[in-house]
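Shown next, in structure tokens, is the structure this report addresses.
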Amino acid sequence: MDLEAARARLIEHLGQEIKDKRVLKAMARIPRELFVLQDYYYAAYEDRPLPIGFGQTISQPFIVALMTEALELKADDKVLELGTGSGYQAAILAELVKRVITVERIPQLAESARKVLEKLGYSNVEVHIAGKTLGWVCEAPYDGIIVTAAAPCVPEALLEQLAIGGCLVIPVGSRWQQELLKVTRLKKKNRIENLGGCRFVPLVGEGAWEE
Ligand code: SAH
């Protein structure tokens, strides 16, 4: 199977909706097959989520691109990701910004993501195992925060870790169905935009869902 050709076709397909060329270029560089289970190599460039073990999934490439574009990242930014999972989204962020802090609840996933990211040479990503508080407070504030698991509401704890002017992109809704929200932190009233329906695995922890 020609994975490179499949990747090029996927990026072309994403380009019909995603206008940020930097995001498309980053995705064109990253071998998604390294972030999925071997049984799913064949599907690595289909535009759908895939299982990564422990009941979790690597997100659909279109949603990855949409969320990354929504963050409006700059090369000098420091970004926080909640839900490292396979590490694929973290790799894309690492292509685009100076520093990526990514946090994962399941230690085995954190460890395998760390290994792949290291193998691919990303020295600007730090993978941490989630603590009790949502996010990673000691490195705050962040220029952008991306949550790749579904929350019941916009967690106050994460807004507090966001710089003024920064964006938080997060799926919010029920355990089964959510809306993708982009919250821009402003001095007075935050701006909230709805980017459309989506479906993510639950964000687990204080201020989110019970396991
Ligand atoms: N971004 C990932 C996909 C993430 S799936 C990728 O590119 O592959 C969502 C992940 O969020 C799961 O691995 C799950 O364990 C993790 N998660 C759930 N609650 C969390 C929390 N409170 N903090 C950090 N990670 C969490």
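Reckoned from all heavy atoms, side chains included, excluding hydrogens, waters and symmetry mates. When a ligand or atom number is given, it counts from 1 through the structure's own listing order.
- Looking at Q161, its side chain does come within 3.5 Å of a backbone N or O of L134 through a donor-acceptor pair.
- Judged by the 6.0 Å and 45° rule, R32 forms no cation-pi pair with Y45.
- More than 12 non-hydrogen atoms from other residues, nucleotides or ligands lie less than 6.0 angstrom from CD of Q177.
- Protein neighbours of ligand 1 below 4.0 Å, counting non-hydrogen atoms: Q56, T57, I58, E81, G83, T84, G85, S86, G87, Y88, Q89, V103, E104, R105, I106, L109, A130, L134, T148, A149, V201, P202, L203, V204.
- Among residues two or more places apart in sequence or in another chain, the side-chain hydrogen bond (donor to acceptor under 3.5 Å, both in side chains) test is passed with E95 by R29, Y122.
- The aromatic rings of H128 and W136 lie parallel to each other, their planes meeting at an angle below 30°, with 60° marking the opposite boundary.
- Heavy atoms of other residues, nucleotides or ligands lying less than 6.0 angstrom from CD of E193 number more than 12.
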